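Throughout, a chain's letter reflects where its sequence line sits, starting with A, and its residues are numbered from 1. Computed from a predicted model, the values in this text were never measured in an experiment.
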Amino acid sequence: MSGDHSHSEDQVDGGSRFNDSHKHKDKYKEKEHKHKDHKKDKERDKSKHGNSDHKDSSDKKHRDKEKMKHKDGSTDKYKDKHKEKRKEEKMKSFDGKVKKEKENGFASPHVKSEPEDDIYHSPKHEKSLKRERDDDNDSEFKPKKIKTEIKTENDKRAKKRKPDEDTKSKKTKNKKGEVADGKKKAKKEPEEKWKWWEEERYTDGSKWKFLEHKGPVFAPPYEPLPSNVKFYYDGKHMKLSPGAEEVATFFAKMLDHEYTTKDIFRKNFFKDWRKEMTAEEKAKLTDLKKCDFSEMSDYFKAQSEARKAMTKDEKLKIKAENERLLQEYGFCIMDNHKERIANFRIEPPGLFRGRGDHPKMGMLKRRIRPQDIIINCSKDSEHPKPPPGTKWKEVRHDNKVTWLVSWTENIQGSIKYIMLNPSSRIKGEKDWQKYETARRLKKCVDRIRNQYREDWKSKEMRIRQRAVALYFIDKLALRAGNEKEEGETADTVGCCSLRVEHIKLYPENDGQEYVVEFDFLGKDSIRYYNKVPVEKRVFKNLQLFMENKEPDDDLFDRLNTSVLNKHLQELMDGLTAKVFRTYNASITLQQQLKELTSGEDNVPAKILSYNRANRAVAILCNHQRAPPKTFEKSMQNLQTKIDAKRGQLSDAKRDLKSAKADAKIRRDEKSKKTVETKKKAVQRIEEQLMKLEVQATDREENKQIALGTSKLNYLDPRISVAWCKKWGIPVEKIYNKTQREKFAWAIDMAEDDYEF
DNA sequence: CAATACACTTAGCAATATGTAG
DNA sequence: CTACATATTGCTAAGTGTATTG
């Protein structure tokens, strides 16, 4: 870890900036909004600064500039965009249809390899290797053993696999045992956890050989309002057609939300609503302001009250029905194992609410029907049946992808998928692989850092830009920043898409030199605010990049994510911008744990240390949350508890003292015992008090920081597991049930000496 | 290239479940 | 038990990144 040099300090340092950021944010909050909707706080606050000072500095760096190959003065980029998403289907031809009888509601997967061979004839070579435990630095996430794989001749995509996975091919058939075994497990019995991480993985680019599922669960059909719930237009009652009424109810349900007051939201809604109206309705309803949805709104509120007030029995019934649905639709069979599906319900229709300042907010998200749905499953499985009287759009058998169901969503035209749960083999393998890639970066990060530092001096503008951007990505854990189409989404940026208006340069600030102030909205319109001192060369480069540009010009006009990633790919196999986030997050956790954990601490104190380490990462990655609505109150409650405990403690101490005095006089066994008991009591209370205090600290520090995202997505779980083992902390203290399921592989394989 | 299509990860908040104090 | 606080799960938008297409 020596290689992580000062970098780590920067990052931890970054912590203080976060507080600044929040102060800033809070101040802003007070100033600008009353805010009933905390979401709003995050929404764009275009700072007025940044416009003024990019010009004045322009003469300074002539020399710098002369050296550069500025192709032309223009700041154009690849900026034009227009998009129409539509996609065509492609069918792959597979022949051979073998249906197995069902078991457990699923056609049973072949239990031996023979049938497979029948189905997918012409196996070519393949390989697969047994994975090995990765406890040591050197291990790679790579198959170590060759496995049989089957390629279909007409499978066009067979070539897709990664080069490194392709390198050698050998034919080894060793599947049977596993298969037979797996089949048993796929049966009714709960199945002892399957350790997929001890098995070989596919190396031919296929994601599965057998896939069977029941298809999606559709949103419940619209239930028209009872006739006593009326809609009024311009004060007059008006009965809406079912189609128009449904859309109206979507709006009515959101009436309390602030965004129904937003112009864009209303405009988009009204436009889409009108599309659902009959001709007469369309003619009559011309002004949203004259629409009165209040009865509808009240009705839904009453409904939700009624739901809350349901008897236990009724609630149980609903629960049971949900459970039934889960059992029927919530699982699939993939390669001999029953696996949990993540999202088997189709998204119900409603009004789109993007995050931040979204140009499409309020648009109608339409209802998805069977004919919109593409099913993906294996040919030799029992295909899911569409609801009676309907048809799927398509049933395909593409084992180069992991999804079971897809459809195209109408707001952005993007594709939505039903996929497996994070606990599934297919997700877990990928996750594991992600951390292995980050660990490989660890081995060469010094080299890469040296290289980009060199590149700050390059005579080519694009290389300098690339190097400065990479520096930000590395040092500040910024996201890559793909370009987005204007007008389609909220205006947010990442590193490569930063604009001049998003940074401000201070040759000197608060006693520090070369300070860069970042202020922009990132993913989910979460504000990133940070002031960081940077190296002089970086600073000078930034001045250069900003020269003669307007605030809304791209800072890195000769760079985009694709160029950057191509470069990274050359530096290390599998390296992309986001690997830096994973790497820096994980290495920071490891370092912080090392630094903060103290052997003498008791369990709660150690856990506080863990949370603090986790927090350092969350800060680095800018994972924020709105302070919980009940935050103040809950802090207060905790404080009350603490005070009470303190009282208890002094009482107990007093008791102890008198018991001691008593014992001194009486000198008998009984009083000695009393002293011991009292001592114990004091100790216990002290411990409880400490626990509460620690809890208070933890909570306060966590006010607007979300730990979950980094824990789930950026921190190599083996670091946490190893830490738990090393200090004798039960892993349940760190990971809840879902998390333990997701990280089962890590919990099983990491030893106390694991090093990221 | 550059635009587009696609697949899959990452993200915060809302809804729901669970725990706990009264 | 209820009421409330807190933890967990669900939801789905919004990113990243690669392959395909023009």
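- A/R307 is linked by a salt bridge (charged side-chain N to carboxylate O under 4.0 Å, His left out) to nothing, counting only residues two or more places apart in sequence or in another chain.
- Residues satisfying the side chain to side chain donor-acceptor pair (under 3.5 Å) criterion with A/K207, sequence neighbours excluded, are absent altogether.
- Side-chain nitrogen and oxygen atoms of A/K416 include at least one within less than 4.0 Å of the OP1 or OP2 phosphate oxygen of C/dA13.
- A/R581 pairs by the side chain to side chain contact (heavy atoms under 4.5 Å, CB included) definition with A/A477, A/R479, A/C621, A/H623, A/Y714, not counting sequence neighbours.
- Protein atom CD of A/E485 is 10 Å distant from nucleotide atom P of B/dA3, rounded to whole Å.
- Residues meeting the salt bridge (charged side-chain N to carboxylate O under 4.0 Å, His left out) test with A/K733, sequence neighbours left out: none.
- Residue order along DNA chain B, read from the 5' end via each residue's closest nucleotide, puts A/A706 first among A/K641 and A/A706.
- Scored by the side chain to side chain contact (heavy atoms under 4.5 Å, CB included) test, A/N421 finds A/R340, A/S423 as partners (sequence neighbours excluded).
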Show me the side-chain donor-acceptor pairs of residues 312-319 of chain A shorter than 3.5 Å, one per line, residues at least two apart or across chains.
unit_1	atom_1	unit_2	atom_2	d
A/E314	OE1	A/T311	N	2.9
A/E314	OE1	A/T311	OG1	3.2
A/K315	NZ	A/K308	O	3.2

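- Ion pair A/K484/A/E488 not flagged as a salt bridge, since none of the NZ, NE, NH1 or NH2 atoms sits closer than 4.0 Å to an Asp/Glu carboxylate oxygen.
- Contact annotation: A/T561 side-chain N/O to C/dG17 OP1/OP2 distance is not under 4.0 Å.
- For the side chain to side chain contact (heavy atoms under 4.5 Å, CB included) test, residues two or more places apart in sequence or in another chain that qualify with A/K691 are A/P604.
- Listed by residue number, there are no residues of residues 339-349 of chain A with a heavy-atom contact under 4.0 Å to DNA chain B.
- Here the P atom of nucleotide B/dA3 and the CD atom of A/E483 are 8 Å apart, to the nearest Å.
- Looking at residues two or more places apart in sequence or on another chain, you find no salt bridge (charged side-chain N to carboxylate O under 4.0 Å, His left out) involving A/R345.
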Filtered N/O pairs between nucleotides 8-11 of chain B and protein, under 3.5 Å:
unit_1	atom_1	unit_2	atom_2	d
B/dC8	OP1	A/K207	NZ	2.9
B/dC8	OP2	A/T402	N	2.9
B/dC8	OP2	A/T402	OG1	2.9
B/dT9	OP2	A/K427	NZ	2.4
B/dT9	O3'	A/K578	NZ	3.1
B/dT10	OP1	A/K578	NZ	2.9
B/dT10	OP2	A/K434	NZ	2.7
B/dT10	O3'	A/Y714	OH	3.1
B/dT10	O2	A/K523	NZ	2.6
B/dA11	OP1	A/R479	NE	3.3
B/dA11	OP1	A/R479	NH2	2.7
B/dA11	OP1	A/R581	NH2	2.8
B/dA11	OP1	A/Y714	OH	2.9
B/dA11	OP2	A/H623	NE2	3.1
B/dA11	OP2	A/Y714	OH	3.0
B/dA11	O4'	A/K523	NZ	3.4

Write down the protein N/O and nucleotide N/O pairs, taken from nucleotides 1-7 of chain C, whose separation is under 3.5 Å; answer none if there are no such pairs.
unit_1	atom_1	unit_2	atom_2	d
C/dC1	OP1	A/K312	NZ	3.4
C/dA5	OP1	A/K633	NZ	2.3
C/dA5	OP2	A/K633	NZ	3.3
C/dT6	OP1	A/R699	NH1	2.9
C/dT6	OP1	A/R699	NH2	3.4
C/dT6	OP2	A/S634	OG	3.4

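- When the salt bridge (charged side-chain N to carboxylate O under 4.0 Å, His left out) test is applied to A/R740, no partner is found at least two apart in sequence or on another chain.
- At C/dG15, one or more side-chain N or O atoms of A/T492 fall inside 4.0 Å of OP1 or OP2 (strictly under the cut-off).
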